[in-house]
Amino acid sequence: MKLVHHFLKGATLTSALFVFQACYGTPGPMYEEGGEAPMSFTVVSQATGAPLKGIKVEAGAVESDSLSVVGTTDENGSCKLNLPYNRNLNGPFIRFEDPEGRFQPKDTVLADLRERDIPIRLIESK
């Protein structure tokens, strides 16, 4: 009797999973391979919280030594860009740099590519 109970319990759970998959489908990748992942950043001063205009944003693969300029922050400190999506990419590696040298450059690696406003705080150069 206990064996029949376990069998029915397993069959019920399996049926529920099939119904869920039929209704919602299997989860796919967030972005298409070889496509672009939209990202947005707001760059501010760590000391004052004021938005920083004209900050150069560069991006590249972690394994690569080359970066390409992909954007510059506007008067609100905002920068929106599309990063190439590669499922096997470790990162991307992103650098925020003030061309005038008022703020220290900041490097970061994003493990999660989702469109959202990511706050970046730069420290003033001394």
How long is the gap from CG on Asp107 to CZ on Arg95, to the nearest 0.5 Å? 4.0 Å

Can you give me every donor-acceptor pair (side chain of residues 44-55, partner residue at least two apart or in another chain, under 3.5 Å) with its distance?
| from | atom 1 | to | atom 2 | distance (Å) |
| --- | --- | --- | --- | --- |
| Ser45 | OG | Ala47 | N | 3.3 |
| Ser45 | OG | Thr48 | N | 3.3 |
| Ser45 | OG | Thr48 | OG1 | 3.4 |
| Thr48 | OG1 | Ala50 | N | 3.2 |

Just list the side-chain donor-acceptor pairs under 3.5 Å for residues 119-126, sequence neighbours left out, or say none.
| from | atom 1 | to | atom 2 | distance (Å) |
| --- | --- | --- | --- | --- |
| Ser125 | OG | Gly101 | O | 3.2 |
| Ser125 | OG | Gln104 | N | 3.4 |

Is there side-chain contact between Thr42 and Asn76, with heavy atoms separated by less than 4.5 Å? no

Does Glu100 have any side chain to side chain donor-acceptor pair (under 3.5 Å) partners at least two apart in sequence or in another chain, and if so, which? Arg102

Could you list the residues that satisfy ring pair (Phe, Tyr, Trp, His ring centres under 6.0 Å) with Phe41, not counting sequence neighbours? Phe96

Kindly write out the residues that satisfy salt bridge (Lys or Arg N to Asp or Glu O under 4.0 Å) with Asp74, not counting sequence neighbours, or none if the list is empty. none

Return the minimal non-hydrogen interatomic distance between Pro99 and Lys56, and the atom names on each side. CD-N, 4.2 Å

